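Below you'll find the structure, written out as structure tokens, and then a few comments.
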Amino acid sequence: MGNVLKAIRGTKDMLPEESPYWQHVESLFRDVVSAYDYQEIRTPVLEETALFSRSIGNETDIVSKEMYSFEDRNGDSLSLRPEGTACVVRAGIQAGLFHNQWQRLWYVGPMFRHERPQKGRYRQFHHAGVEAYGYVGSAIEAEVIAISHELLNRLGILDEVTCQINHLGEASERAAFREALVDYLTPHKNKLDEDSQRRLSTNPLRILDSKVPATQELLQDAPTLMDFLSDESREHLSQLQEMLSSLGIQTVVNPSLVRGLDYYTGVVFEWVTESLGAQGTVCAGGRYDGLVEQLGGRATPAFGFAAGLERLILILQERDELTSVPDLCVIPGNPAFMPTTLEVASLLREHFPAWRVSSQLAGRSLKATMKQVFQLNPRYTCVISTDESGMHYFDVKNLETRESRSCSTQTDLIDFLRENT
């Protein structure tokens, strides 16, 4: 054989044994956002590079080091989207969705960042996002966080995650804290890790998010953002926590919690777990009231989150085994019965539209086919045979109850399945 082509480093194929997890998570997410009356929005994976440099920030790691950017044949600089919010804002401005309107939106799709691949972190990854535009105050923040809570609850992993929350304050409060943090860290610059040394002059708040133990140890005596918050900001955070508590959602204030994108202001939150090692954030978001105006629209309050599907699925895979099991397998007793197999399977799908009906069309012997079918573990099997006159009949069996019947017509077969469903 010649050189075998492989997936690009940092990307991952979704194989059939993994697809039930993806379908499960995406289906539950769609059920939750539908229950809250949020509407779907889809945006292209390709955008102008300027969209992300203007929204995320030129000094962030995402823009400076991680984006997949290139010039197209017209000389325009394009990028694969590294996150979804900027794309939604661009689409909303372009379509006139925001001015004097209220929008509650959701999306699911792939994102791209050139990062060092590791557990739970890929160069192509997938986000499920929720975003609310036009709403001020704590109530919408509580609702959006409640959506994330409900998703984690339906996935059955609430016992593995903690909701951390913080308030980034108003612009003046952040500026005062930034100055105090820089004053504290500058004499200790040589003790910081390389990324933190660079961020000290470009984006010092991101140092708080460093995973390097020596940097975290140095930060233990650093000033905290809480010391610079106004009474109004503190009250806002307290009110939000009370709202969430009334919904049965417990939160922990983490004064070091910041977000890696420059557009966040006010409340930020993360759902974190210890089961994924360093990549412990499974869902994160916050308020970004200035982003719409920053990208050319009129000032619009906004709050939202994105959940990492790969990380949610990793937790599920460690807890439960999900498989895609057919409800019924239609089996030709003889390879010559293939046309009838297709006909019967089509009829059953028509009468039982919620079922997974699998036609066994490999053309193998009945013994070999049945061996394969039992590995699929369906609820029912239906073997097509012929009697002495050459008429087809159908031996159907419920593998759970062991009840069976030999049906002489397709109508009898359908009646038996309805009676035993």
Side-chain angles (χ1 to χ4, degrees), residues 1-26 29 42-53 55-72 77-88 107-129 157 193-196 198-199 203 206 209-212 259-262 270-285 305-318 322:
M1 292 180 62
N3 292 333
V4 177
L5 295 174
K6 298 181 180 180
I8 297 171
R9 184 171 184 262
T11 66
K12 190 175 186 294
D13 297 309
M14 183 184 70
L15 301 177
E17 60 265 26
E18 295 176 290
S19 62
Y21 293 95
W22 287 87
Q23 294 166 4
H24 179 59
V25 173
E26 291 175 358
F29 175 72
R42 302 190 186 196
T43 63
V45 297
L46 267 181
E47 297 275 5
E48 291 187 43
T49 300
L51 172 64
F52 305 113
S53 59
S55 60
I56 300 173
N58 280 316
E59 300 301 332
T60 61
D61 287 351
I62 294 173
V63 172
S64 64
K65 298 191 298 185
E66 298 171 359
M67 283 206 308
Y68 284 95
S69 301
F70 60 93
E71 283 193 4
D72 70 0
S77 179
L78 305 180
S79 295
L80 292 172
R81 62 185 183 193
E83 59 95 35
T85 297
C87 306
V88 173
Y107 62 85
V108 174
M111 312 293 162
F112 305 85
R113 297 181 194 174
H114 191 277
E115 300 182 283
R116 183 171 63 87
Q118 53 188 295
K119 183 179 181 181
R121 173 175 285 181
Y122 301 97
R123 291 176 175 173
Q124 176 178 312
F125 55 98
H126 297 77
H127 274 171
I157 61 174
D193 61 273
E194 183 177 346
D195 282 340
S196 294
R198 175 176 53 82
R199 289 169 177 163
N203 196 356
R206 289 287 290 128
D209 197 38
S210 172
K211 301 298 188 293
V212 178
R259 302 293 299 123
L261 297 85
D262 282 356
E270 290 186 357
W271 288 95
V272 298
T273 180
E274 296 182 355
S275 64
L276 297 178
Q279 306 308 316
T281 301
V282 298
C283 175
F305 73 79
L309 299 190
E310 281 83 357
R311 296 181 186 181
L312 293 176
I313 288 169
L314 277 173
I315 297 175
L316 288 180
Q317 288 175 326
E318 293 176 357
L322 295 180

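Predicted model only: the values in this text are computed from it and were never measured.
For the pair Y107/T43, no side-chain contact is recorded, criterion being any heavy-atom separation below 4.5 Å from C-beta on. Side-chain contact check for R81 versus P110: some heavy-atom pair is nearer than 4.5 Å. Side-chain atoms of P82 and I56, non-hydrogen and from C-beta on, do get closer than 4.5 Å to each other. At least one side-chain heavy atom of W22 sits less than 4.5 Å from a side-chain heavy atom of L309. Side-chain atoms of L78 and F70, non-hydrogen and from C-beta on, do get closer than 4.5 Å to each other.
Here E26 pairs with R30 under the salt bridge (charged side-chain N to carboxylate O under 4.0 Å, His left out) rule; sequence neighbours left out. Applying the salt bridge (charged side-chain N to carboxylate O under 4.0 Å, His left out) test to E17 and every residue at least two apart in sequence or in another chain returns nothing. A search for side chain to side chain contact (heavy atoms under 4.5 Å, CB included) contacts involving T49 returns M67, S69, S77, S79, not counting sequence neighbours. Applying the ring pair (Phe, Tyr, Trp, His ring centres under 6.0 Å) rule to F29 yields the partners W106; only residues at least two apart in sequence or on another chain are considered. With sequence neighbours excluded, no residue forms a ring pair (Phe, Tyr, Trp, His ring centres under 6.0 Å) with Y21. Partners of H127 under the ring pair (Phe, Tyr, Trp, His ring centres under 6.0 Å) rule, at least two apart in sequence or in another chain, are F125. Residues that satisfy the ring pair (Phe, Tyr, Trp, His ring centres under 6.0 Å) test with Y68, not counting sequence neighbours, are H114. Residues satisfying the side-chain hydrogen bond (donor to acceptor under 3.5 Å, both in side chains) test with Q124, not counting sequence neighbours, are none. The salt bridge (charged side-chain N to carboxylate O under 4.0 Å, His left out) check on E83 picks up nothing, with sequence neighbours excluded. Under the rule for a side chain to side chain contact (heavy atoms under 4.5 Å, CB included), the partners of S19 that lie at least two apart in sequence or sit in another chain are M14, Q23. Taking R42 as the reference, E40 meet the side-chain hydrogen bond (donor to acceptor under 3.5 Å, both in side chains) condition, with sequence neighbours excluded.
The salt bridge (Lys or Arg N to Asp or Glu O under 4.0 Å) contacts involving residues 108-118 comprise E115-R121, where partners must be two or more places apart or lie in separate chains.
The distance from atom NE2 of H24 to atom CG of L312, rounded to the nearest 0.5 Å, is 10.5 Å.
Comment: K12 engages E18 in a salt bridge, judged by a side-chain N to carboxylate O separation of less than 4.0 angstrom.
Remark: the backbone N or O of P117 is not paired with any side-chain donor or acceptor of R123 at under 3.5 angstrom. For the pair D193 (side chain) and D195 (backbone), a donor-acceptor distance under 3.5 Å is present.
Within 6.0 Å of atom CD1 in I8, 12 or fewer heavy atoms from other residues, nucleotides or ligands are found, so the atom counts as exposed in its surroundings. Within a 6.0 Å radius of CD in E48, other residues, nucleotides and ligands contribute 12 heavy atoms or fewer.
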